[in-house]
Amino acid sequence: MKKLLSYLKPYWKPTLLAPILMLIEVICDLSQPTLLASIVDNGVAKSNLPYILNTGALMLGIALIGMAGGMGCSVASSIASQNFGASVRSAVFKKIQSLSPLNIDRFKTSSLVTRLTNDITQLQMVVLMSLRIMVRAPLLFIGGIIMAVSLNARLTLILTVSIPLLAAVIYYRMKKSMPLFSFMQQKLDRVNAVIRENLSGIRLVKAFVRADHEKKRFATANDELMHATLRAFNLIITMIPMVMLIMNFSIVAVLWFGGWDINRGNMEVGQIIAFVNYITQILFSLMMIGNILLFVSRASASAERVNEVLDTDIDIKNADNPDFTPLSSGEVTFEKVSFGYSGDKNQLVLKEISFHAPSGKTIAILGSTGSGKSTLVNLIPRFYDVTSGRVMVDKRDVRSIDLYTLRSGMGIVPQDTILFSGTIKDNIRWGKEDATDEEIIEAARVAQAHEFIMSLPEGYNTQLGQRGVNLSGGQKQRIAIARAIIKKPPILILDDSTSAVDVVTEQRIQKALKEFITGSTIFIIAQRISSVMDADKILVLNEGRIEAEGTHEELLKSSPIYQDIYNSQLGEGVMVDA
Amino acid sequence: MHNPGRGHHDAVYVVKPKDAKNTLKRLWWYLSEHKIRLFLVFFLVAITSMLTLMGPYLIGKAIDNYIIPRDFNGLFRLLMLMAAIYILMSLSTWLQTRTMINVAQLTIRNMRKDAFDKLEILPINFFDTRSRGDIMSRLTNDIDLINNALSSSLTQIFSSIITLTGTVILMLWLSPLLTGVSMITVPIMLITTNIVTKHTRRYFSEQQRVLGILNGFAEENISGQKVVKAFVRENKEIERFEATNKELKNVGIKAQIYSGIMGPLMNVLNNIGFAIVALSGGWLAVQQVITVGTIAIFINYTRQFTRPLNELANQINTIQSAIASAERLFQIMDELPEPPDPPDAIELKSVKGDVEFRNVSFSYKPDEVVLKNINFHAYPGQTIALVGPTGAGKTSIISLLTRFYDPDSGDIFIDGYNIQKITRKSLRSSLGIVLQDTYLFSESVKENIRYGRLGATDEEVKAAARLANAEQFILSLPEGYDTILSEDGGDLSQGQRQLLAIARAILADPAILILDEATSSVDTRTEQHIQEAMLKLMEGRTSFVIAHRLSTIRKADMILVINDGEIIERGNHTQLLKEKGFYYNLYMSQFAHILHQVEVCKTY
């Protein structure tokens with residue numbers, strides 16, 4: 001929690017101002033009873049009308065000042081707490097942008113969303129409350145103690161029993177409740193996850209008529225959240241009644257021992273009345289503090305979750321002196337690269353991959369499902385780091401190049417097409433931010449997307465995503481291709497990017513691509529021989545290793561696996577010319 | 001391939017006073033389920049208030065009756081009584097808070113459940129046009145605010161009302177005249193409260209709306225992080241996030257300010273009230289109408305009166321934020337569900353699989369016709385392949401068959417029954433679908449496959465996996481069938497995901513099988529194996545296959561070539577080749593290249 005308070009520092013002015021203004025309000029507030037009393041004692045009792053009027057006016061004036069103070073505090077505390085919240089949100093979002101896929105997987109998307117919004121809102125609330133109430137309570141507390149001590153120091157010794165007891169109660173309650181609040185937020189994560197899955201997979205749920213099943217799943221998560229919440233709150237709410245009890249018993253003790261003191265003539269009756277009043281005041285202030293601590297408890301759990309994100313060690317990051325030189329060529333070399341997701345040498349997905357892709361050539365990667373094709377190309381832009389061996393791009397180890405520079409030199413069409421809400425133009429512009437309309441259209445033409453885009457009523461300005469058009473899989477893929485090629489990157493990675501596109505269109509794309517991007521190294525992962533036949537080099541992967549390497553003709557002669565694939569696809573293709 | 005949506009700015013949404021009343025009524029409807037417990041809380045609050053009032057009284061008594069006369073036995077007895085009362089007070093406070101929180105949590109749980117259950121029956125169109133993150137925000141962030149209000153506001157309101165009533169009664173008993181005078185400020189308070197709460201309500205509404213947008217943005221960004229990184233869009237995304245973040249901050253500041261000025265405003269009005277009381281009291285005293293003592297006590301009570309009044313005003317603010325959030329939640333609950341099955345809807349049983357499309361036309365949006373006059377008849381057991389350029393309308397045909405959408409005109413029949421007259425459940429149960437977007441849940445592999453038929457045994461699940469050619473890779477996963485998949489299924493390749501989806505459909509054992517590009521990401525050899533298995537499966541079942549690989553569709557009984565939303569050719573593979581039309585061209589171009597190579601190779 002303390003670490004996060006540093007986000008408040010830039011806003012120290014409103015942060016300090018708030019309690020000060022609250023102080024003004026409190027002082028004005030406290031003075032009212034005195035003024036009131038004086039009206040009664042000096043004005044009314046003595047039938048002094050002008051005095052009454054004057055003091056009344058004074059009261060009014062002070063009340064207005066107090067109001068200004070209170071309102072000012074409201075403004076200052078709102079500004080401070082909201083800015084704080086916004087800063088922390090900023091920091092967390094920025095951090096998320098630099099997390100590696102592995103990092104994000106660890107947290108799970110829905111948990112990150114919860115932390116970014118819900119958890120930070122908790123923190124914000126606590127800051128707001130503290131700034132507003134922070135002055136009143138301690139003031140009353142300290143004031144009360146001072147007055148009590150000055151009245152009768154010995155009697156105040158009672159407090160030396162009750163206050164540590166109180167502190168212990170509060171401390172242990174808070175300590176025990178923190179993990180419960182943490183658990184509660186985790187349950188909230190889970191509820192969020194189930195909701196999210198249903199939102200993404202609603203077609204599936206409906207297609208398999210699983211609504212009832214999902215309702216049960218949700219009910220479980222929902223109930224668990226409720227129980228976790230109850231457990232946490234039921235514990236923490238025992239705090240206030242216990243605080244009340246301890247303080248009330250202190251009053252009883254005061255009356256008893258005070259009674260004896262009066263008996264012995266050490267204290268006046270009037271003093272005991274005042275003493276009890278001060279103890280009550282101290283009690284009241286402690287309750288206020290207790291209330292805040294209740295929220296602090298919950299917020300601490302949230303603070304932990306937020307810090308967890310902020311403190312994550314990013315496993316894919318720049319080396320100490322990253323190389324910022326942009327990629328000049330798309331030359332890629334794999335030197336004995338092995339890779340496993342868990343870093344475990346026993347669960348390697350890629351084993352000792354070595355190959356060389358000269359600049360400007362097309363490298364095709366073929367292989368059965370799960371043989372490691374996507375994983376291989378994911379190593380080039382450093383979405384993952386090798387477990388052993390090294391990946392060289394442009395004759396440099398990818399780990400030595402600045403991440404942004406490295407990726408800027410690549411255009412990637414991943415296997416599952418992800419587009420974002422915005423216009424089609426916006427989406428294509430992701431590839432090159434300052435792209436002109438002509439460049440966008442040209443890229444779309446190469447991707448064979450221009451025609452269908454123009455057939456839409458709003459053409460390139462068609463909104464995707466919310467309120468968007470229902471695009472078919474193939475259409476989305478083509479937009480993704482346009483996005484990747486628009487900046488004519490030195491390295492282009494097409495991961496099964498035409499799986500939803502018919503063969504004719506695919507061939508047109510390939511042809512147009514060759515003319516559009518000369519000099520770029522293209523990696524194609526595909527299933528169809530027709531897609532890879534013209535590649536300069538074909539890599540056949542099997543169970544994480546390169547089984548065969550060569551051109552189409554070479555492989556046809558030498559590789560049994562390749563022949564197998566070829567025959568399977570071609571076999572049925574041979575025409576039975578009726 | 002999915003299209004996550006982000007929030008766009010809706011039209012300005014203003015909460016009108018009448019709407020607020022309605023919302024409150026609905027909130028109350030949820031609470032009223034726990035009337036008994038609420039009554040208990042009210043009762044306990046009354047007790048606590050009473051006990052709290054007794055405290056000072058007893059202290060006074062202790063001093064006057066026992067300390068001063070040095071009656072220590074009596075003092076002891078009284079102190080024991082006080083101790084007992086204090087224990088009772090703590091117990092009562094604890095019980096009242098605990099019960100209230102219990103009620104609040106139960107209410108919240110029910111609201112969340114109702115909202116989710118409602119989601120399950122909404123039409124697909126709802127999900128295609130909304131941001132995921134915004135919907136999530138309503139079921140979590142908005143509910144949180146409602147929770148805050150319910151947990152604490154209600155007890156506060158109860159206690160304030162009780163104290164208020166008690167005090168007013170005392171005041172009236174003391175001096176009706178002065179009571180009247182001190183009430184002058186009350187109408188002003190009411191007006192001020194009204195004005196302030198109008199603003200707070202508006203800003204809280206706005207705040208929650210922007211929070212929903214932020215949630216949506218974040219969700220889409222985090223889901224698509226890979227693409228963000230691939231295109232080095234981190235900075236741009238941060239820029240866009242900051243814009244919404246700033247907006248949230250600004251509206252949040254306004255909301256908090258308005259909710260925070262209630263207190264000081266009420267305070268001032270209080271103090272003005274005091275002043276008026278003191279002035280008029282003083283004047284009255286001067287006129288000898290009332291005594292000084294009365295004024296003193298009266299002023300005391302005025303303070304006791306104004307504190308709960310302030311509390312009430314503050315709580316009204318908290319309730320405002322609850323209303324704003326409840327509005328957003330109820331918006332979802334008020335959405336029109338998929339039209340219910342007509343009362344005479346037929347349960348489809350022992351489906352033979354006769355499917356007919358008659359003059360079907362369809363568009364997602366009025367000016368974008370996707371299908372024009374589709375006519376075809378698939379007989380039981382036939383395999384129908386849908387071929388054509390992307391975007392031609394193939395997936396839409398599937399969407400119509402599953403009634404994810406309904407046609408603009410024309411009818412669809414299964415076994416002779418119009419599907420709009422069949423219960424949706426029985427319709428969809430008779431279909432087994434492998435969709436273009438493979439969706440898997442973050443559960444175990446086993447459970448994901450079992451989704452096809454919930455009552456299936458482990459053996460049946462594994463058998464299905466074997467048929468789908470998925471078992472091999474499943475067994476290579478760290479925990480085999482029990483491996484829990486990650487959210488968004490990131491740890492499997494696309495091809496592997498499709499195999500699981502196929503296994504799932506196989507397990508469902510449906511009468512009509514629909515494969516929408518089901519093997520697009522699977523390598524051709526694996527696909528062959530699957531096809532062999534599928535052929536066995538498809539025997540006797542009507543199947544619809546959408547694919548681009550002609551190897552996949554070659555064996556279909558009937559191939560429908562769809563272009564521009566119309567069926568331009570139909571027939572089996574041989575027939576279509578003879579026609580030398582669109583299909584022929586498609587087919588030839590796929591293999592023209594290969595055939596050329598074959599010729600080239602033959603010369604070696």
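Each chain gets a letter, A, B and so on, in the order the sequences are listed, and its residues count up from 1.
- With values rounded to the nearest 0.5 angstrom, A/Trp430 atom CH2 is found 4.0 Å from B/Glu237 atom CD.
- B/Gln105 touches chain A through backbone and side chain together, each having a heavy atom under 4.5 Å away.
- With a 4.5 Å cut-off on non-hydrogen atoms, B/Arg233 touches chain A through its side chain but not through its backbone.
- At a 4.5 Å heavy-atom cutoff, the contact between B/Ala508 and chain A is made by side-chain atoms alone.
- In terms of heavy-atom proximity, B/Arg112 sits nearest to A/Phe218 at O-CE2, 3.7 Å.
- In this structure, A/Leu204 CG and B/Ile433 CD1 are separated by 9.0 Å, a value rounded to the nearest 0.5 Å.
- The two residues B/Arg132 and A/Ser200 make their nearest non-hydrogen contact at NH1-OG, 3.2 Å.
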side-chain contact (heavy atoms from CB on, under 4.5 Å) between B/Val228 and A/Phe420, intermediate numbers included: CA-CA 10 Å; B/Val228 171; A/Phe420 293 84; 4.1 Å; yes

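- A cation-pi arrangement is absent between A/Arg203 and B/Tyr439, since the terminal nitrogen or guanidinium carbon is not both under 6.0 Å from the aromatic centre and inside a 45° cone about the axis.
- For the pair B/Gln225 and A/Thr109, the minimum side-chain heavy-atom distance is 4.5 Å or more.
- Residues B/Lys113 and A/Met226 have side chains not in contact (no heavy-atom distance under 4.5 Å, counting atoms from C-beta outward).
- Here A/Asn83 contributes atom CG and B/Asn250 contributes atom CG; the two are 8.5 Å apart, rounded to the nearest 0.5 Å.
- Ring geometry, B/Phe72 versus A/Trp260: the interplanar angle falls under 30°, so the pair is classed parallel (tilted spans 30 to 60°).
- Heavy-atom neighbours of A/Lys215 NZ from other residues, nucleotides or ligands within 6.0 Å: above the threshold of 12.
- Proximity of a side-chain donor or acceptor of B/Ser90 to a complementary backbone N or O of A/Met242 within less than 3.5 Å is not detected.
- Contact tally against chain A (heavy-atom pairs below 4.5 Å) for B/Arg109, B/Arg424, B/Met89, B/Lys246: the top residue is B/Arg109.
- A side-chain donor-acceptor contact under 3.5 Å links A/Arg210 to the backbone of B/Tyr451.
- Of all non-hydrogen atoms in A/Gly70 and B/Pro264, the two that sit nearest each other are C-CG, 3.4 Å.
- Contact of the A/Ile418 side chain with the B/Ser223 side chain is not registered, since no non-hydrogen atoms from C-beta on lie closer than 4.5 Å.
- Note: A/Ile202 leads A/Ile195, A/Val205, A/Ile202, A/Asn118 in heavy-atom pairs under 4.5 Å with chain B.
- In terms of non-hydrogen atom pairs under 4.5 Å with chain B, the most contact-rich of A/Met410, A/Gln124, A/Arg132 is A/Arg132.
- Side-chain contact between A/Leu116 and B/Phe241: present, with at least one pair of heavy atoms (C-beta onward) separated by less than 4.5 Å.
- Contacts with chain A were tallied for B/Ile261, B/Leu248, B/Asn245; B/Asn245 has the most, counting heavy-atom pairs under 4.5 Å.
- Between atom OG of residue A/Ser78 and atom CD1 of residue B/Ile257 there is a gap of 5.0 Å, rounded to the nearest 0.5 Å.
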Begin with the C-alpha distance, continue with both residues' side-chain angles, and end with the deciding distance and a verdict on side-chain contact (heavy atoms from CB on, under 4.5 Å) for A/Asn222 and B/Phe116. CA-CA 10 Å; A/Asn222 197 11; B/Phe116 184 83; over 6 Å; no

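- If you check the side chains of B/Glu234 and A/Ser98, you find no donor sitting under 3.5 Å from an acceptor.
- Top candidate by heavy-atom pairs under 4.5 Å with chain A, chosen from B/Ile101, B/Leu119, B/Leu431, B/Leu214, is B/Ile101.
- Of all heavy-atom pairs spanning B/Ile222 and A/Val113, the tightest one is CD1-CG2, 4.1 Å.
- In terms of heavy-atom pairs under 4.5 Å with chain B, the best-connected choice from A/Asp223, A/Ile412, A/Asn234 is A/Asn234.
- Both the backbone and the side chain of B/Leu79 come within contact range of chain A, with heavy atoms under 4.5 Å apart.
- For B/Leu106, the parts lying under 4.5 angstrom from a heavy atom of chain A are both the backbone and the side chain.
- Looking at B/Phe404, the atoms closer than 4.5 Å to chain A (heavy atoms on both sides) all sit in the side chain, from C-beta outward.
- Residue B/Asp117 touches chain A through both its backbone and its side chain, counting heavy-atom pairs closer than 4.5 Å.
- Note that CE of A/Met244 is 4.0 Å distant from OG1 of B/Thr93, once rounded to the nearest 0.5 Å.
- For B/Lys236, the part sitting under 4.5 Å from any heavy atom of chain A is the side chain, from C-beta outward, and nothing else.
- Heavy-atom pairs under 4.5 Å with chain A peak, among B/Ile135, B/Ile124, B/Ile108, B/Ile121, at B/Ile124.
- Side-chain atoms of B/Lys229 come within 3.5 Å of backbone atoms of A/Leu99 as a donor-acceptor pair (strictly under, hydrogens ignored).
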Pair A/Arg196, B/Glu219 - check salt bridge (charged side-chain N to carboxylate O under 4.0 Å, His left out), show working. CA-CA 9 Å; A/Arg196 189 170 165 262; B/Glu219 200 272 336; 2.3 Å; yes

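- Taking both residues in full, the closest heavy atoms of B/Lys226 and A/Phe383 are given as O-CZ, 3.7 Å, listed atom of the first, atom of the second, then distance.
- If you tally non-hydrogen atom pairs under 4.5 Å between each of B/Asn141, B/Leu454, B/Asn215 and chain A, the highest count goes to B/Leu454.
- At a 4.5 Å heavy-atom cutoff, the contact between B/Phe127 and chain A is made by side-chain atoms alone.
- In this structure, the side chains of B/Trp94 and A/Ile240 stay at 4.5 Å or more apart for every pair of heavy atoms.
- Heavy atoms of B/Thr97 lying under 4.5 Å from chain A belong to its backbone as well as its side chain.
- Of the listed residues (A/Thr375, A/Thr114, A/Leu366, A/Leu255), the greatest number of heavy-atom pairs within a distance under 4.5 Å of chain B belongs to A/Leu255.
- Between A/Lys206 and B/Thr402 there is no side-chain heavy-atom pair separated by less than 4.5 Å.
- When side chains are defined from C-beta on, A/Met71 counts as touching B/Leu265, because their heavy atoms get closer than 4.5 Å.
- Contact annotation for B/Val227: both backbone and side-chain heavy atoms come within less than 4.5 Å of a heavy atom of chain A.
- Side-chain atoms of A/Phe93 and B/Glu242, non-hydrogen and from C-beta on, never get closer than 4.5 Å to each other.
- Interface summary for chain B: among A/Pro457, A/Ser374, A/Pro381, the most heavy-atom pairs under 4.5 angstrom belong to A/Pro457.
- Across A/Phe233, A/Phe452, A/Phe249, the residue that shares the most heavy-atom pairs under 4.5 angstrom with chain B is A/Phe249.
- Nearest heavy-atom pair across B/Phe231 and A/Arg483 is CE1-NE, 3.3 Å.
- Note that the OG1 atom of B/Thr140 and the CG atom of A/Leu188 stand 6.0 Å from one another [nearest 0.5 Å].
- In this structure, the side chain of A/Glu197 engages the main chain of B/Ser442 through a donor-acceptor pair within 3.5 Å.
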